[in-house]
J.: 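This is the structure I have questions about; it appears just below.
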Amino acid sequence: MAAILLDGKKTAADIREALKDRVIKLAEKGVRPGLSVTLVGDDPASNVYVTAKDAAAKEVGIQAWTHRLPAAISEKDLADHLERQNRDPAIHGILLQLPLPSHLPSEKLLNLISARKDVDGFHPISLGNLMLGRTGFRPCTPWGVQVLLKAYNLSPEGKHVVIAGRSNIVGKPIANILMQKEPFANATVTVCHTGTPDLGVYTRQADFIIAAMGKPGVITGDMVKEGAVVVDVGVNRVKTDKTKSGFRLVGDVDFESVSKKASYITPVPGGVGPMTIAMLLTNTVHSAEMTLG
Ligand code: GUN
């Protein structure tokens, strides 16, 4: 049987609609949420992301600034730029788009962003709060996966979730979210990674598979249990002569074979991607609300 699509595009649009009401309530109290996005260099995929973030923010009534800084910027100049965003009271959320050019130390620079404005959820304080099960900004992609599952009433509670990938942005935080003792979490979580000799041994046992390795099509139908829920976080640009741009986006999941085994599956594009942005906007609105005490 063909799998049901988990429509991130529609779910994200619903979230943006609900945020508009919260933005109106903030406006009544004289607060306009502000989001500052910084892109260093001209990586084409990052450029697409920041353009989409800017447009989505403006759609819900968030004031958004996109700073496009040269690839050759010094660490000091970028640090000074981030400090200016920290001090600006009109800005409730700061995002530094990754990856940074190789001469810039990402972790050190992310740590400079005020934890109170860390709407990306990448600061060690935010990640520490998540690990400890405390409230705080949650990283947008992992949280977006949980909210997408919730929208389809698919609870991982008591189920076996197998995550493929251990990045600081996706794999590790999603494991932390889904193992929390809370609704739409409370799962038994297995994290597989490049050190796992045979990924299929684990994915075949999974009720939920979260693919976040950044390798096109590595999860194939023979690696999936009948009826599993499959979430594809991968966004890989592969070359093709079939599109005008010369590339197409594919996930880490081989959609063709996996969609015949899974009960639910996310498409790429239109699955997790739009959810990431919706959660970024949610964190930004929440950050603005917190200034009211
Ligand atoms: N690069 C890819 N995804 C993300 C994201 O969610 N936030 C930031 N800052 N950079 C990214």
Side-chain angles (χ1 to χ4, degrees), residues 8 12 15 35-57 62 64-69 71 73 78-79 81-82 85-86 91-102 104-115 117-127 130 136-148 165-174 176-177 210-216 231-237 249-252 266 268-284 286-287:
I15 292 170
L35 172 66
S36 161
V37 175
T38 298
L39 171 62
V40 182
D42 49 14
D43 176 68
S46 293
N47 197 23
V48 171
Y49 292 144
V50 301
T51 304
K53 286 169 188 176
D54 192 86
I62 292 172
W65 298 269
T66 299
H67 303 276
R68 290 182 156 82
L69 304 180
I73 193 170
L78 183 53
H81 165 79
L82 293 172
Q85 321 301 304
N86 281 340
I91 293 172
H92 304 96
I94 302 171
L95 181 144
L96 178 60
Q97 184 68 28
L98 301 179
L100 291 175
S102 56
L104 294 169
S106 306
E107 217 174 297
K108 199 170 153 196
L109 288 156
L110 287 173
N111 290 2
L112 293 179
I113 294 172
S114 163
K117 299 187 178 185
D118 177 39
V119 290
D120 233 354
F122 290 172
H123 193 284
I125 290 180
S126 304
L127 292 169
L130 167 60
F137 294 118
R138 289 187 163 188
C140 303
T141 299
W143 190 26
V145 169
Q146 186 190 34
V147 171
L148 182 58
R166 60 173 154 194
S167 70
N168 291 337
I169 300 183
V170 184
K172 284 181 198 164
I174 211 161
N176 275 282
I177 288 177
I210 319 272
M213 288 159 294
K215 289 188 194 149
V231 177
D232 191 353
V233 185
V235 188
N236 309 290
R237 287 158 78 93
L249 290 182
V250 298
D252 290 353
T266 57
V268 175
V272 175
M275 294 301 295
T276 298
I277 298 181
M279 302 335 288
L280 171 71
L281 305 180
T282 305
N283 274 338
T284 305
H286 179 62
S287 183

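Values reported hereafter were calculated over all heavy atoms of this structure, with side chains retained and with hydrogens, waters and symmetry mates removed. In listed order, ligands and their atoms are each counted from 1. We number each residue from 1, following the sequence as shown.
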J.: Report the part of Asp120 in contact with ligand 1, treating N, CA, C, O as backbone and CB onward as side chain, heavy atoms under 4.0 Å; options are side chain, backbone, both, neither.
T.: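 The side chain, only.
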
J.: Nearest protein heavy atom to atom 10 (N) of ligand 1, by residue and atom, and its distance?
T.: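 The protein heavy atom lying closest is Leu98 N, 3.0 Å.
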
J.: Please determine if Phe122 has a nitrogen or oxygen closer than 3.5 Å to a nitrogen or oxygen of ligand 1.
T.: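 Phe122 vs ligand 1: no N/O contact under 3.5 Å.
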
J.: Are any of the side-chain heavy atoms of Ser46 and Pro99 separated by less than 4.5 Å?
T.: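 Yes, close enough: below the 4.5 Å cut-off.
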
J.: Check this for me - ligand 1, Leu96, N or O atoms closer than 3.5 angstrom, yes or no?
T.: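 Between Leu96 and ligand 1 (N or O atoms, distance only) the closest approach is under 3.5 Å.
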
J.: Under 4.0 Å from a heavy atom of Leu95: which atoms of ligand 1 are those, numbered in the order shown and with their elements?
T.: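 Answer for ligand 1: 9 (N).
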
J.: Considering both backbone and side-chain atoms of Gln97, is one of its nitrogen or oxygen atoms within less than 3.5 Å of a nitrogen or oxygen in ligand 1?
T.: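 The answer is yes, given that Gln97 and ligand 1 share an N or O pair closer than 3.5 Å.
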
J.: Let's go through Thr266 and Asp232 carefully: what are the C-alpha distance in whole Å and the side-chain angles of both, what is the deciding distance for side-chain hydrogen bond (donor to acceptor under 3.5 Å, both in side chains) to 0.1 Å, and is it a yes or a no?
T.: CA-CA 6 Å; Thr266 57; Asp232 191 353; 5.4 Å; no

J.: Could you check if a side-chain atom of Val233 sits within less than 4.5 angstrom of a side-chain atom of Val145, using non-hydrogen atoms only?
T.: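 They are in contact (side-chain heavy atoms under 4.5 Å apart), so the answer is yes.
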
J.: Is there side-chain contact between Asn283 and Cys140, with at least one heavy-atom pair below 4.5 Å?
T.: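 Yes, their side chains come closer than 4.5 Å.
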
J.: Could you check whether any side-chain heavy atom of Thr282 comes within less than 4.5 Å of a side-chain heavy atom of Trp143, counting everything from C-beta outward?
T.: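 A side-chain contact under 4.5 Å exists here.
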
